Number of protein chains: 4
Amino acid sequence: MAPRFFDLPFEPVMQVLSGRSGEALRSRREQLGWAESETDWRRLVERDDIDLIDICSPGDTHAEVALAALAAGKHVLCEKPLANTVAEASEMAVAAQNAASRGVFSMVGFSYRRVPAIAMARRLIAEGRVGQIRQVRVSYLQDWLSDPEAPMTWRLDKAKAGLGTLGDLGAHAIDLAQFVSGETVDAVSGLLHTFVTERPLLGKTVGLSGTASAERGTVTVGDVALVTGRLSGGGLASFEATRYATGRKNALRLEISGSIGAVAFDLERMNELEFYDAEAPPATAGFTRILVTEPEHPYLSAWWPAGHTLGYEHGFTHQVVDLLEAIAEGRQPEPSFDAGLQVQSVLAAVEASSEASGAWLTTDNPAKPREMS
Amino acid sequence: MAPRFFDLPFEPVMQVLSGRSGEALRSRREQLGWAESETDWRRLVERDDIDLIDICSPGDTHAEVALAALAAGKHVLCEKPLANTVAEASEMAVAAQNAASRGVFSMVGFSYRRVPAIAMARRLIAEGRVGQIRQVRVSYLQDWLSDPEAPMTWRLDKAKAGLGTLGDLGAHAIDLAQFVSGETVDAVSGLLHTFVTERPLLGKTVGLSGTASAERGTVTVGDVALVTGRLSGGGLASFEATRYATGRKNALRLEISGSIGAVAFDLERMNELEFYDAEAPPATAGFTRILVTEPEHPYLSAWWPAGHTLGYEHGFTHQVVDLLEAIAEGRQPEPSFDAGLQVQSVLAAVEASSEASGAWLTTDNPAKPREMS
Amino acid sequence: MAPRFFDLPFEPVMQVLSGRSGEALRSRREQLGWAESETDWRRLVERDDIDLIDICSPGDTHAEVALAALAAGKHVLCEKPLANTVAEASEMAVAAQNAASRGVFSMVGFSYRRVPAIAMARRLIAEGRVGQIRQVRVSYLQDWLSDPEAPMTWRLDKAKAGLGTLGDLGAHAIDLAQFVSGETVDAVSGLLHTFVTERPLLGKTVGLSGTASAERGTVTVGDVALVTGRLSGGGLASFEATRYATGRKNALRLEISGSIGAVAFDLERMNELEFYDAEAPPATAGFTRILVTEPEHPYLSAWWPAGHTLGYEHGFTHQVVDLLEAIAEGRQPEPSFDAGLQVQSVLAAVEASSEASGAWLTTDNPAKPREMS
Amino acid sequence: MAPRFFDLPFEPVMQVLSGRSGEALRSRREQLGWAESETDWRRLVERDDIDLIDICSPGDTHAEVALAALAAGKHVLCEKPLANTVAEASEMAVAAQNAASRGVFSMVGFSYRRVPAIAMARRLIAEGRVGQIRQVRVSYLQDWLSDPEAPMTWRLDKAKAGLGTLGDLGAHAIDLAQFVSGETVDAVSGLLHTFVTERPLLGKTVGLSGTASAERGTVTVGDVALVTGRLSGGGLASFEATRYATGRKNALRLEISGSIGAVAFDLERMNELEFYDAEAPPATAGFTRILVTEPEHPYLSAWWPAGHTLGYEHGFTHQVVDLLEAIAEGRQPEPSFDAGLQVQSVLAAVEASSEASGAWLTTDNPAKPREMS
């Protein structure tokens, strides 16, 4: 969609779709409109006609693919979380810095940054409209594990998914809190918890979950993460990531309270942003429901007339636009692998705090300038 | 409640509760805390120790009681609609004007004017915050007749209730539209319709409806009123009053759109007012949900801290406060019987238009200054 | 998008984009990804490699283009309203019936039928979940004419746009009321009104409106339409179409109240449908906010996991899917030109009623079977 | 109001209002309708004509007054939190148990238990409608300290207010979580934080805050409490209590997610309860907004017709009703001082956890049966 609505510096060509299984891959390639398919990603990296690689595989494969791609001079867009461990993420961040010095760029796919209402919230805060930030609250609520008979998927397997709900949903929560507030989470106290430890093995994938088979597997990641944090500006943060919030399907909610204002957002109503201006006269103060569909709003001038809403996929469209523009201009796209690493370090601190009975741990921000290798 | 939260000019004494049936009346009197009860309202009017009479009986009795009370020098608070016909209402309005010249005052019980969010909407419009009014929409939605087996009550009998849904709910809708906008409805085109024409006779009253008996009675009033109107300022109005809005229990909704702003209200969320300021910057414009519980809001300084909400009955509390203050200051309380007559004339025009196949009829405002008799 | 998410019977090729101005057309063609552009639509109709023509030009051109295309054996998708007059629409409907008998099909672009929540509302009603329909309310609220200095566009010129707000927004309102209820609007009483009769001529188009020039033009269409209607099943309908609902950007709202249930929808929250089940136990009855993103919902199994929302454009995607499937199966796509003609006749009756001071007029449904020519 | 709407076992007489300052007390007594006033509460306790004492003074006085009143054979209603320390609360609980054995009863004023929607949520959970409880979230959000120049009040002074926001708002949050879920909070990890440590001293009290003087005082209580907890049934809880949630005036929010359902509530919309039934068919599942105004709902049969809402004060009305009924029937009213003590012990554990860097501490439920003294 990106080239149809935005003036892009390049005309993207969807050349090769890579995957494991030959048959499924071929039919998927056709449906999605890729020119070719390929089961060995290494061959992809070697090809001269590929400029950009988009890594959407499970987290345990990110580092290997990204390192190879960057080494081969390909730009990389890597799905979040950046990796399954801080060690992998660090290696990737170093490789990304090196590549960037050669004009080869990389970006992490925190696509919710590109939801216009989220970008608008960040703009309001950057403009000082909420003042000093006191509290940030982010919860990412889903419910597809509420049913104890919902089957195992790779997302529940620590070997593949790393941090489970914390890595999948919590990574978005942490990134958004930092992106919108413009601050970092510098210390955390956290709890990870698994409600259902054994689940039927997967028969067939359906949506995020799937159908069950008779055998059972062990859930090795957390179902729920509850986190309290301290922000770099002196404020407090609280996070919840769960797949047990019965009735909440994709409720990524954010509320930031500051000394002179507040913003509130819910992904289930992604075209709306609520803004409270504490400096308004008391008789007319209140949360204003901004329908983020005006040409004055981020990304919106490219789309429909006011009031015509966007959906989930448009965050990805905007991500492609931002990435290609940065590449064309020879500047580092955001969020960089450094930013991905920093989120990873917060997640790692949460996991460590949970194992240390909720002790407060610093996130030891590793995304500071370091020596190029 | 009024004397507990407001500084009243009088200490009201609840002296006599009047009604038809002796037994029910006595137990009711006790529960409600009246000093005495009385089955003959005429004796009430004759007593010297009664200063104010509150008429809450069905509409067909309003005129007789009010005229007698005013003649006897009693202040009168009369439930809406003022009467069942324009003729009765006219007679009452004349009597009220005469009484007022002797310092005896009367008021119609359009209690929703005293809901703080409604009073706040009026204030915003009076201050010019919505600009020139283009459109007014008021719907009063209830659903207690959705079930065709819901029984007959006096509210469905034209002899007692006059105009049915139009008189009961529509009167509120018309009054609010005029009160909040500060304009009058000068012409109407309307439709009255009855969906269920026979209903089981009432066994016992329960809430607004009741339990059924085996016999059936004929519904002689409209179930639904749909009205289009022209406002004195050049704008348009639309009204709906219905008891068939399945799932809506008491949704009196008002939205007023003007050249530079708008207000929106729903009685089911009576502590909230939505305000749109079209002069705000486009990027932050939107409907602001004002929680009308601040000391700056009408009536609120007498109540709880901000954020602590009021309920249905507080409109009546405020009505008593406003009435007693006006009487103490020797000025005409609003809404006067003239205002009640004017609403009555709009209702009558709607009924006539419905009978004339939706023809536009002027409401022939009878509330203009006239000769004192 | 359609071929990427749905299994289509054809692989659509975007061959020729047609328009008036050469330069704008060329740049638009490139951006939108069409293979060629063409300034003379007649040449398009003559080409053998074109199977389907999508008519998106102003209403005054629909009939000529559609008739030529159908005569040339091209399938036709025509933007709503079908035409600017009933006469044109009738001619188109006859041509469409003739073409259909030769396997050449046509469809009107009432794209909101394809919003999943709308399709779901229709399904619930078809399944009897709201019972006998008592009241239908549809309002289509926009505000881009609130500002009297908003410029003239072709949409305000009767010669081009036919019925103004009534034709543009009101056509959607009427179609949705009928589509969701499964009934027809058989009689209407209506009012068309123009608040601002002179506006600055358009400098440059921006969104739905544009920038102003110094000259002024005359608005020859209605700004607002207020309509009361009678439904074929005995219920009542009320419609409002306006571009003066300050603060409402694209609020197409529908509420249908029946004997045992109700549905409510607002296009500004297009992924949600509210459903009230009057047969639920009173203690837990209420409007249920259904997030229409489950695989069980219309069109949704092709899209994202539950909770991931769709936007405005997806109605058009679904429209293409439904059209191509019908063509492939050799059956009449819905809504047919007959359906478009029937809506047109309702709009014409509204206009005539407004001219006849709100008189009730039958819509004289012309979409009944007739002789093939 | 209680005797006007409910059949009470007693006719309450408002006999004596007690306070410190003679002048303010007298005028307050008059306005509120008490027969007498008294500046020495000890004399009150000695009077034979007083049956029930309602303690509404700051938390540091609760224990002394309650112990004296119970010893003198007066029933006691004590405002929450029960005391400022667990030691005081324990002494009160023992005294209350002893008094109860003599037919003298006591109750803590957790009035929000009496909000009908809250009582309805508890009923649904008790009936098994949400299944096994996985997560409880309660936040109590106010914003009257957002402004650093908002003045000191006794609520910010540890000597008077004990636990600050945690004791004032957090006590409600903990009590509601336990009351609605039917479980106890058995372990906690918490953080207390003070954003603004110096504030202008109070000139005059206005609402919950007041006007400022030139001098400054030190805030000695926490502004914000963030708590993670473990429930007795194996679920997790998270709590937030803050007076810095800019724009939130009195948002006591609760959401409970269970294996087959969920409930959600917000005190700013106190007449509504949202209920999600995970066993409903997927196509019509969703949160149902129950307007808690039906005769089938707790407390509601005594009030208005369906759809007519209640306000903040009605929780107190219901509290009086429940208290008097329990006294009349000679049974322990709920919540007892034991329940108040148990909440106090949770609050104490939160405070201790905060001092111990977030360590998990058991709440060591002291409300179990113990030896009578």
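By convention in this document, chain letters (A, B, ...) are assigned in the order of the sequence lines, proteins followed by strands, and residues within each chain are numbered from 1. Here the structure is a predicted model, which means the values were calculated and not measured. Reckoned from all heavy atoms, side chains included, excluding hydrogens, waters and symmetry mates.
- In plain terms, the two heavy atoms of A/H308 and C/Y112 that are nearest each other are NE2-OH, 4.1 Å.
- For the set C/H314, C/K249, C/M270, C/E313, the count of heavy-atom pairs under 4.5 angstrom toward chain A peaks at C/E313.
- Around atom CZ of A/R28, no more than 12 heavy atoms belonging to other residues, nucleotides or ligands sit under 6.0 Å away.
- Contact of C/E272 with chain A is made through the side chain alone, with heavy-atom distances under 4.5 Å.
- Residue A/L32 touches chain C through both its backbone and its side chain, counting heavy-atom pairs closer than 4.5 Å.
- Only the side chain of A/E294 comes within contact range of chain C, with at least one heavy atom under 4.5 Å from a heavy atom of that chain.
- Under a 4.0 Å N-O distance rule, the pair A/E268/C/R289 qualifies as a salt bridge.
- Atom CZ of C/R269 is separated from atom CG of A/N271 by 10.5 Å, given to the nearest 0.5 angstrom.
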